[in-house]
There are 2 protein chains.
Amino acid sequence: MLSQTEENYLKHLLHFGMQEGNAKGISSRQLADKLEVKASSVNDMLKKLKEKNLVQFEPYGKLFLTTEGEQKAVQIIRKHRLWETFLVNKLKFNWADVHEIAEQLEHIQSAHLMDKLDEFLDFPTVDPHGDPIPTREGLFKDDQRISLGDVELNTLVKIVGVKEDSPSFLNYLDKLKIQIGAIIELSAKEEFDESYQIKHEEKTLHVSQKFIENLWVIPTS
Amino acid sequence: MLSQTEENYLKHLLHFGMQEGNAKGISSRQLADKLEVKASSVNDMLKKLKEKNLVQFEPYGKLFLTTEGEQKAVQIIRKHRLWETFLVNKLKFNWADVHEIAEQLEHIQSAHLMDKLDEFLDFPTVDPHGDPIPTREGLFKDDQRISLGDVELNTLVKIVGVKEDSPSFLNYLDKLKIQIGAIIELSAKEEFDESYQIKHEEKTLHVSQKFIENLWVIPTS
DNA sequence: ATTAAAAGTTAGACAAATCTAACTTTATTT
DNA sequence: AAATAAAGTTAGATTTGTCTAACTTTTAAT
C-alpha cells in the first residue's frame with residue numbers, strides 16, 4: 001500500500017502529463033515547486049517510486065510514470081473527483097471550497113466505498129469543475145474540450161469546465177455569474193492591454209488572457 | 001493540529017472512559033493492547049500528549065484526559081459516527097462493514113464538512129449501531145440504554161444498539177434477523193450452559209451470556 | 001567554446017512513531 | 001517480608017519523509 005505522500009507524487013506526475021511515452025516531460029524541479037518541497041526530497045521520493053516500479057527514470061534523465069504508476073494515479077484522480085462531486089451535488093458545497101477537502105478524501109482506502117459513492121452520485125462523468133471522472137477501470141471518456149484561449153473570435157461556445165480550480169478564479173466566475181453550461185461568445189481582443197471581450201447573456205465583459213485560457217469550452221453548432 | 005496517531009490515542013482513551021475525575025482508569029498496558037503497539041510506544045505518546053495538555057499523568061500514576069483532550073476525542077467520535085451513518089443510510093453499506101472505513105474518515109479535517117454532512121443526514125442522534133452521536137458542541141444526549149445482561153427475566157425490551165460492533169457479532173444478528181428496534185423478551189436462563197432463551201417475533205432463540213451482554217436495550221412499558 | 005546558471009544528486013541530519021532490550025517501580029503471591 | 005510477576009519507564013535503534021549544504025551534470029548565454 002502506498003503512503004499519502006507517495007500517492008500525491010503520483011497524482012501530480014499524472015497531472016503534469018507524465019504518462020509513459022509522452023514526449024513532453026516535467027522536470028523534477030517543477031514537481032518540487034508544485035509539491036512545495038525541496039528538490040532533494042523529490043529526488044529521494046522518485047528513487048523510492050522507481051524501486052516500486054511506479055516511476056521510470058535514470059539519473060539526470062527524463063521522468064515517466066510506468067503503466068502501473070499511471071493506473072494508481074488515475075484511481076486517485078477518480079477518488080478526488082467523485083468526492084468533489086459528492087461535496088457539491090449532495091452536501092451543497094460551493095465549488096470553490098471543495099478542493100482542499102477532496103485532497104484529504106482522495107486518500108481513503110476502499111475501492112468498495114468508491115463504487116458505492118459512484119452509484120449514489122448516479123455515475124457522474126464530470127466533476128463540478130468540468131473535469132472528466134475516469135471509470136472504475138481507469139478509462140477517461142474522450143474529451144472534446146478546448147481552451148477558450150484557442151478559439152477564434154466571434155465563435156459561440158459552451159463553457160464545460162475550468163482548467164484551474166483555485167478559489168480566486170472560481171469565486172471570480174461566481175461574481176460574474178458565469179457557470180458551467182453558459183453559452184458565450186469571444187467577441188474581440190483589445191490590443192491595448194491584451195484583454196478580451198466576451199458576450200454572455202446580452203452583457204459584454206472584459207477579461208484577461210489568463211481568464212480565457214482557463215476556461216474549457218466546446219464550440220456550439 | 002493533531003496527527004492521526006495522536007487522535008487515535010485520544011479516541012481510545014475516551015472510549016475507555018478516561019475522562020477527568022473518573023474513578024476507574026485504564027492502564028497504559030491495556031491501551032497498548034488495544035492499539036496493538038508496545039507499552040514503550042504508548043509511554044512515549046502519553047508524554048507527548050501530556051506536553052500538549054491533552055492527557056494528565058505522573059510517572060507510574062493514573063491516566064486521564066484533560067478537558068481539552070476529551071473535547072478533541074468527542075469530536076473524533078462524532079465524525080466517526082456521522083460517517084458510519086452516512087455509509088449505512090445513504091450508501092447502503094451493511095452495518096458490519098462500515099467500521100474500518102469510518103476509522104479512516106474520522107481523521108478528515110474539516111469542521112464545515114461535518115456540519116454539512118450532519119445536515120444532509122438530517123441530524124441523526126444515533127449511529128447505525130445505536131451509539132449516540134454527540135452534538136457539534138460535544139454534548140451527548142442522555143442515555144437510557146441498559147445492557148440486556150442486566151435485565152430481569154420476563155421483561156419486554158426494545159433493542160436500541162450493540163455494545164460491540166465486530167462483524168462477527170453483527171453478521172450473527174443479521175442471520176438471526178434481529179435488528180435495532182426489535183422487541184424481544186428475555187424469557188429464561190438455562191443453568192446447564194449459562195445460555196439464555198429469548199423470544200422474538202413468535203420464535204424462541206438460545207443465545208450466550210456474551211450475546212445478551214452486548215445488546216443495548218430499553219424496557220418497554 | 002567558455003562560463004554561468006539551472007537542474008539534479010548525494011551525504012548527513014532531523015522529527016515522528018515505532019521498536020527492542022534493559023531497567024525501575026508497583027502489585028501480587030506465598 | 002521476601003520473592004515473583006506485572007506494569008511502566010528509559011535509552012538507543014529504525015523507518016519515512018523531509019531538510020541543508022555540497023557537489024555534479026546539463027543547459028543557456030555570451
Side-chain angles (χ1 to χ4, degrees), chain A residues 1-13 15-18 22-65 69 72-73 76 103-104 106-109, chain B residues 1-13 16-18 22-65 69 72-73 76 103-104 106-107 109:
Chain A
M1 237 207 38
L2 299 176
S3 70
Q4 296 202 180
T5 312
E6 291 171 319
E7 289 197 343
N8 279 332
Y9 275 85
L10 293 179
K11 183 184 66 172
H12 280 95
L13 283 168
H15 210 260
F16 280 135
M18 304 302 294
N22 192 337
K24 76 174 170 192
I26 205 190
S27 67
S28 71
R29 196 72 267 291
Q30 290 168 275
L31 189 55
D33 288 347
K34 199 75 182 179
L35 291 165
E36 296 184 287
V37 298
K38 300 296 170 185
S40 57
S41 307
V42 170
N43 196 259
D44 289 345
M45 181 55 86
L46 289 176
K47 282 194 229 166
K48 196 175 154 194
L49 293 173
K50 185 185 175 184
E51 204 54 49
K52 293 190 174 188
N53 195 36
L54 299 166
V55 158
Q56 185 198 316
F57 86 116
E58 299 308 323
Y60 301 101
K62 286 243 166 81
L63 205 47
F64 298 109
L65 284 168
K72 301 264 188 202
I76 300 160
E103 294 268 283
Q104 297 182 60
E106 74 193 5
H107 301 295
I108 301 294
Q109 299 295 339
Chain B
M1 235 207 40
L2 299 176
S3 71
Q4 295 201 181
T5 313
E6 290 171 320
E7 289 197 344
N8 279 331
Y9 275 84
L10 293 179
K11 183 184 64 170
H12 280 95
L13 283 168
F16 279 136
M18 305 302 294
N22 192 338
K24 74 175 172 195
I26 205 189
S27 68
S28 71
R29 194 76 267 290
Q30 289 167 275
L31 189 55
D33 288 346
K34 199 75 183 181
L35 292 165
E36 295 184 288
V37 298
K38 300 296 171 188
S40 56
S41 307
V42 170
N43 196 258
D44 288 346
M45 182 55 87
L46 289 176
K47 282 194 231 167
K48 197 175 153 193
L49 293 173
K50 184 185 173 182
E51 205 53 49
K52 293 189 175 190
N53 195 35
L54 299 167
V55 158
Q56 186 198 316
F57 86 116
E58 299 308 323
Y60 301 101
K62 286 243 166 82
L63 205 47
F64 298 108
L65 285 168
K72 301 265 189 202
I76 300 159
E103 294 268 283
Q104 296 182 61
E106 73 193 6
H107 300 294
Q109 298 295 339

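Keep in mind that the numbers below use all heavy atoms, side chains included, and drop hydrogens, waters and symmetry copies. Numbered from 1 within each chain, the chains take letters A, B, ... in sequence-line order.
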Does the distance from a Lys or Arg side-chain N to an Asp or Glu carboxylate O, for B:E103 and B:K11, drop under 4.0 Å?
yes
A:K38 side chain near D:dA21 phosphate (N/O to OP1/OP2, under 4.0 Å)
no
Please report the distance, rounded to the nearest Å, between CZ in A:F57 and C1' in C:dG8.
9 Å
Quick check with a 6.0 Å cut-off and a 45 degree axis cone: is B:K50 positioned over the face of B:F57's six-membered ring?
yes
Tell me the interatomic distance from A:Q4, atom CD, to D:dT16, atom C1', rounded to whole angstroms.
13 Å
Over all atoms of both residues, closest heavy-atom pair of B:G69 and B:L10
O-CD1, 4.3 Å
Within less than 4.0 Å of OP1 or OP2 of D:dA7, is there a side-chain N or O belonging to B:S27?
no
A:L35 has an atom CG; how far is it from atom C1' of C:dG8, in whole Å?
16 Å
Judged by each residue's nearest nucleotide on DNA chain D, which is more toward the 5′ side, A:E36 or B:L46?
B:L46
Is it true that A:Q109 and A:Q4 share a donor-acceptor pair across their side chains at a distance under 3.5 Å?
no
Reckon B:S41 touches a base, only the sugar-phosphate, or nothing at all at heavy-atom distances under 4.0 Å?
base
Can you check whether any acceptor in the base of D:dT20 is under 3.5 Å from a donor in the side chain of A:S40, or vice versa?
yes
Check this one for me: any side-chain N or O of A:Y60 less than 4.0 Å away from OP1 or OP2 of C:dA6?
no
What is the separation between atom CE on B:M45 and atom P on C:dA15, rounded to the nearest whole Å?
16 Å
Take atom CG of A:N43 and atom C1' of C:dG12, then tell me their distance rounded to the nearest Å.
15 Å
